[in-house]
Chemist: 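Encoded as structure tokens, here's the structure I'll be asking about.
Both ligands and their constituent atoms are indexed starting at 1 by order of listing.
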Amino acid sequence: MVKAHGIHHITAIAGRPQENLDFYTRTLGLRLVKKSINQDVPDTYHLFFADGEGNPGTDITFFPWPQMGEGRIGLGVWGEVSFTVPHGSLEYWERRLKAREVMVEPIQERFGERVLPFYDGHGMALSLTESDLAASAAFSPWEKSPVPADSQIRSLGSVRLTLGDPQATANFLNGSLGFENKQTDGKWQRFVLGEGAGGQRVDIRTDPDIGRGGWGVGSVHHVAFRVKGEEDQLQVWQQIREAGGRPTEVIDRFWFKSVYVREPSGALVEVATDGPGFGVDEASDTLGEKLILPPWYEGQRRNIEAALPPLEYDPANLGDDEDLEPAGSAAAAHSDRV
Ligand code: ZN
């Protein structure tokens with residue numbers, strides 16, 4: 001069988017686009033690598049945040065729909081999204097997030113790794129996982145990030161899903177995409193692709209009382225898994241059909257080609273090709289700075305731009321750590337006095 005080889009991108013629903021942009025660039029230090037539109041709802045932005053070059057597997061994207069109600073994690077809706085970060089960086093991150101009044105939970109251990117759970121400004125459940133494997137993900141630092149390169153987010157790590165009965169979804173992940181169920185930690189089962197590196201993990205919890213989830217602000221819209229090219233994509237499409245799934249036809253997203261299918265509990269899955277990639281229509285040093293439309297929307301550019309709210313974004317001025325109190329500075333000042 002052809003196996004997917006990791007998470008390609010994750011797309012979620014945000015509230016106001018300016019707040020979304022500020023959180024992911026100024027607070028998390030990711031790069032806006034593409035400012036585009038929702039290709040099915042062109043009066044909505046589609047904002048793409050990733051590492052310095054928009055490598056596949058580093059990319060979280062948003063449809064800002066502030067008029068929607070709050071999302072709800074549950075049956076049919078993906079849960080928390082984790083990013084990988086280098087070992088020893090969680091204390092930096094904890095200080096950084098708290099200094100910006102981000103809602104942070106205590107650092108905890110999952111599957112033997114340290115994890116810092118937190119929420120973005122629109123209530124989306126996120127976490128940072130310190131991982132050996134963070135070093136192995138394809139990653140390009142971003143020199144304009146307000147986060148120092150040695151602490152920058154390395155890749156998407158994993159995504160969570162809670163199910164009443166995991167069997168059908170397990171069969172889908174394993175039979176259609178090539179996952180294996182290798183590890184258990186308490187109530188959580190980890191399904192991995194390949195070596196289970198950053199982006200190669202889906203964590204599933206069983207809860208017979210789980211209620212139906214709902215799309216809304218702060219919820220994941222879909223999780224896209226990577227395939228190398230169009231041949232592999234067709235093969236995975238076949239595997240999904242043979243397992244009883246109903247995938248869409250191949251849709252050209254311009255930066256990659258996509259197929260969509262709901263896994264058995266209803267959560268939306270995309271299977272996306274690695275290429276051609278975000279550099280195909282703009283220079284890599286100015287990624288994200290102007291509104292990019294797929295060619296078939298160019299004729300409507302003026303109307304589309306007029307319908308979108310203005311966004312302020314200056315990659316040369318994303319703030320730095322001046323407002324962050326260095327660790328132990330209060331104690332140091334005190335010891336100076338005594
Ligand atoms: Zn997608």
Chemist: Between side-chain atoms of residues 61-70 and protein atoms elsewhere (two or more places apart, or another chain), which donor-acceptor pairs fall under 3.5 Å?
Modeler:
{"unit_1": "Thr61", "atom_1": "OG1", "unit_2": "Thr11", "atom_2": "OG1", "d": "2.6"}
{"unit_1": "Thr61", "atom_1": "OG1", "unit_2": "His46", "atom_2": "NE2", "d": "2.7"}
{"unit_1": "Trp65", "atom_1": "NE1", "unit_2": "Thr44", "atom_2": "OG1", "d": "2.9"}

Chemist: Of all the N, O or S atoms in Glu270, which one sits nearest to the Zn ion (ligand 1)?
Modeler: OE1

Chemist: Is a side-chain N or O of Tyr45 found less than 3.5 angstrom from the main chain of Lys35, in a donor-acceptor match?
Modeler: no

Chemist: May I have the angle between His9 NE2 and His222 NE2 with its vertex at the Zn ion (ligand 1), rounded to 10°?
Modeler: 120°

Chemist: Do you see an N/O/S atom of His221, backbone or side chain, under 2.8 Å from the Zn ion (ligand 1)?
Modeler: no

Chemist: Please determine whether a side-chain nitrogen of the Lys or Arg among Arg253 and Asp40 lies less than 4.0 Å from a carboxylate oxygen of the Asp or Glu.
Modeler: yes

Chemist: My understanding is that only residues two or more places apart in sequence, or in another chain, count here; which of them pass ring pair (Phe, Tyr, Trp, His ring centres under 6.0 Å) with His5?
Modeler: none

